[in-house]
Amino acid sequence: MLKKRILAGIVSILMLCCICAFPAAADTAQTVTVVYTNDIHGYYKQILSSSGTASTVGFELLAQYAQQADLLLDAGDTLHGQSFATVSGGASIAALMQSLQYDAMAPGNHDWSYGNAALKTLGQTYDLPMLAANVVTQDGSLLLQDAIIKQVGTLKIGVFGVSDPALYRSTAPQNMEGITFTDDIAAANHTAAALRDAGCDVVLCLTHHTDPGAFAAQLSGVDALVTGHEHQIYDFTVSGADGRPIYIAQSGYYFANIGRLTLQVENGQVTVFGEVISASQAQAEYAPDAQTAALIADLEAQQQPILSQPIGQNSETLPYSWEEIRTAERPLGRFVTGAYLYQTGADVAAENAGGIRAALPGGQVCYQDLIGISPYGNYIVVKQLTGEQLLKVLETSIEIGIQCDTIYTLQKQAVENGEDPYAYSWPDNSGSYLQFGGLSVVYDPSAPAGQRVLSVSVGGDPLDPEKNYSFATNNYVASSDNYPEIANAPTLYEYGTCEQALKLFVQTGPQVMDPIIQTPCLTAQTTPPTQPDTTGQTQTTTAAETVPSTVTPDTDGGQTPHTPDTGSLPVTASAAIPLTLCAGAALLACRRRRLANDRRTNTCNRR
């Protein structure tokens, strides 16, 4: 894979130049301006931090740049992601793209999440040319368009799209029924040649690709690639198969930036200048376009009936507490992982505590309740883990939970003693504690870290260290540094957003949900040290398996398990309510500050 220069930090503007030929006098050159987006994942409007600085560009600022451009293009993963996009099946984003008069887009792997027929219909309904020269139906015909030609002054600009065959399995299998991704290089070269034969002075390629550099090096007749998928900011140049320099650019993700290319064309020679415009720069240069802002407000209003629409029934409230979800398994966690198992059919599922953000009400459940639980637009990834890797994941998660429970216990004790509870800080990776589904685990919290799991069964059978298991989780956990076993595991499939899975699960009703929600996956079993009896022999006693342990620090810095007496309730999300109230305004205010900061930075699921 060719090396790509990734620009770190806050990028206000990236300006580099790719000279595809040496032009003559600049006064005879013609200029073409291209504005592009990629990987916006359903983000749609300007988001401001507490200081008033924009963290996203949004369509209302993009509109100002689009008015100055000759072409407006998109490189995919645009119509799916945030709930604004998914509740309408991508139609809300397509409507905004139509209002800005996008010339074309190349679908990304997540754009296929609505199904290939629905994706095609979106393009037709909203007059949005979707380009994929290598996506064919069963009879060999193209599912979508292969290319467009746009006249800019006296110049003909050809734009075509291709999809990386490596991404064919990066969505649920049913989304790809009846279509095939053919060889991208062959399709690209064939289409570029056809555009040149049609008299195009410039040929641009839109592609959602895992390795655009290696791909471009095998192309002929192409001047520039606008790419998506990698979530990076870069530009670099490769030499095409015909010796032509090909400029390649990508502008990051989540609408934090937009890209702009300036092409100078003279006597058949092309010079390409590229820049990336950050949200803060766009905010400084333009005010939001009023007409686009009004359309956004109208689309949001149209979605309110959808958000308040009843989805199904739930037997009883599943409480949420920021602290409790990080310290032990909760019924709310089993609801989420049960949804993942239901949609994917995986062997095991997991959700990080930081990805769960609200309670599930008892009785009638609405769509907005599910978005409250899973608000980030994360999507489900199914990985393949061996039994040995799964065991390591369990050990890591249990260790994180014990560390969190230690801090939480100290904080509650501090409140009872009238002390400052925030003298004790939560681990930075507290949100990486996992809620599981599909397995049954017995563990000893008093054992050394990495040696706590006593037994594991998956689907009723003992865990086999050598066997491969399918493991469903969200895309954040799938790449988490806390779990290299998951991050480095091969991906089997990718599905739609997490809240969509929750919706499908709720629609099954309590008869399906309740047995999953009510059945614990993790059981703490504490085995005290062996002690001599009165005859001088040794004996071992085992604590009841159904009583969770709370870990408190002992005097030498170790961890001593403490089992509540039989007259007390285990600490659960519902039992934690009076504890939180006891903590007074300090705990609540701190939690609100934490949540507010998380929402501004969109990193809650990481914490």
Side-chain angles (χ1 to χ4, degrees), residues 5 13-38 62 64-75 100-106 129 131 147-162 188-189 191-207 209 212-213 215-217 219-228 233-251 257-277:
R5 176 152 46 89
I13 186 167
L14 167 69
M15 176 76 79
L16 284 167
C17 169
C18 164
I19 301 179
C20 297
F22 296 95
D27 57 354
T28 61
Q30 298 183 66
T31 299
V32 178
T33 302
V34 178
V35 171
Y36 69 90
T37 52
N38 62 271
L62 174 62
Q64 302 285 22
Y65 291 92
Q67 292 170 14
Q68 312 300 320
D70 298 302
L71 286 97
L72 180 58
L73 305 174
D74 182 83
L100 269 63
Q101 298 182 343
Y102 266 78
D103 292 285
M105 72 170 289
L131 308 183
I148 63 166
I149 297 176
K150 184 169 184 179
Q151 192 79 30
V152 179
T154 61
L155 299 175
K156 283 186 176 182
I157 312 299
V159 182
F160 72 93
V162 291
N189 282 327
T191 309
L195 290 171
R196 292 292 182 185
D197 290 343
C200 288
D201 302 285
V202 177
V203 174
L204 306 177
C205 175
L206 292 173
T207 183
H209 214 284
F215 168 67
L219 302 184
S220 297
V222 175
D223 295 303
L225 260 68
V226 173
T227 73
I233 298 172
Y234 60 63
D235 75 332
F236 62 105
T237 304
V238 302
S239 179
D242 58 354
R244 180 191 302 264
I246 301 177
Y247 181 91
I248 305 173
Q250 189 172 130
S251 65
N257 315 287
I258 59 174
R260 181 165 58 191
L261 304 181
T262 303
L263 292 79
Q264 293 184 352
V265 185
E266 182 180 17
N267 299 325
Q269 301 175 345
V270 180
T271 304
V272 184
F273 297 87
E275 57 183 322
V276 168
I277 301 167

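Because the structure is predicted, anything quoted here is derived from the model rather than measured. In what follows, every heavy atom counts, from backbone to side chain, and hydrogens, waters and symmetry copies are set aside.
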Participant: Looking at every heavy atom in both Val162 and Cys205, which two are closest together, and how far apart are they?
Facilitator: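 Looking at all heavy atoms of both residues, the closest pair is CG2-SG, 4.1 Å.
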Participant: Out of curiosity, Thr207 OG1 to Gln250 CD, how far, rounded to the nearest 0.5 Å?
Facilitator: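 Output value for this atom pair is 10.0 Å.
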Participant: Starting from the C-alpha separation in whole Å, work towards a yes-or-no answer on side-chain contact (heavy atoms from CB on, under 4.5 Å) for Ile258 and Ser251.
Facilitator: CA-CA 6 Å; Ile258 59 174; Ser251 65; 5.5 Å; no
Participant: Say whether, by atom type as modelled, one donor and one acceptor occur between the side chain of Asp235 and the main chain of Tyr247 under 3.5 angstrom.
Facilitator: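 Side chain of Asp235 to backbone of Tyr247: no pair is present.
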Participant: State whether Lys156 and Asp197 are salt-bridged, where the test is any N-O pair (Lys NZ or Arg NE/NH1/NH2 against Asp/Glu carboxylate O) under 4.0 Å.
Facilitator: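 No, Lys156 and Asp197 are not salt-bridged.
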Participant: Heavy atoms only: give me the nearest Val32-Leu71 pair and the separation to one decimal.
Facilitator: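 Here Val32 and Leu71 meet closest at CG1-CD1, 3.9 Å.
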Participant: Are any side-chain N or O atoms of Gln151 and backbone N or O atoms of Gly153, one a donor and one an acceptor, separated by less than 3.5 Å?
Facilitator: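 Here the side-chain-to-backbone pair exists.
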Participant: Output, in order, the C-alpha distance, side-chain angles, deciding distance and verdict of side-chain contact (heavy atoms from CB on, under 4.5 Å) for Gln30 and Glu266.
Facilitator: CA-CA 6 Å; Gln30 298 183 66; Glu266 182 180 17; over 6 Å; no
Participant: Give the minimum heavy-atom separation between Asp103 and Leu73, together with the two atoms involved.
Facilitator: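 Asp103 and Leu73 have their closest heavy atoms at CB-CD2, 4.1 Å.
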Participant: Can you check whether Asp201's main-chain N or O pairs, donor with acceptor, with Arg196's side chain at less than 3.5 Å?
Facilitator: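 Checking the backbone N and O of Asp201 against the side chain of Arg196, a donor-acceptor pair under 3.5 Å is found.
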Participant: Could you measure the distance from the CG atom of Leu261 to the CG atom of Leu204? Nearest 0.5 Å is fine.
Facilitator: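 Separation between the atoms: 7.5 Å.
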Participant: List for me each residue that meets side-chain contact (heavy atoms from CB on, under 4.5 Å) alongside Gln101, sequence neighbours excluded, and say none if there are none.
Facilitator: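 Gln101 satisfies side-chain contact (heavy atoms from CB on, under 4.5 Å) with no other residue.
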Participant: Taking only residues two or more places apart in sequence, or in another chain, which ones meet Thr37 in a side chain to side chain donor-acceptor pair (under 3.5 Å)?
Facilitator: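 Testing Thr37 for side chain to side chain donor-acceptor pair (under 3.5 Å), a comparison that skips the adjacent residues, returns Asp74, Tyr102.
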Participant: Nearest heavy-atom pair of Leu225 and Pro212: which atoms, and what distance?
Facilitator: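 Looking at all heavy atoms of both residues, the closest pair is CD2-O, 4.0 Å.
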Participant: To check you understand the geometry: which heavy-atom pair defines the closest contact between Ala192 and Ser220, and what is its length?
Facilitator: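 Nearest pair, atom of Ala192 first, then Ser220: CB-O, 3.6 Å.
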Participant: Ignoring hydrogens, what is the shortest heavy-atom contact between Ile149 and Ala198? Give both atom names and the distance.
Facilitator: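 In terms of heavy atoms, the two residues are closest at CD1-CB, 3.9 Å.
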Participant: So, taking the atom named CD1 in Ile148 and the one named CZ in Phe160, what distance separates them when rounded to the nearest 0.5 Å?
Facilitator: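 Output value for this atom pair is 12.5 Å.
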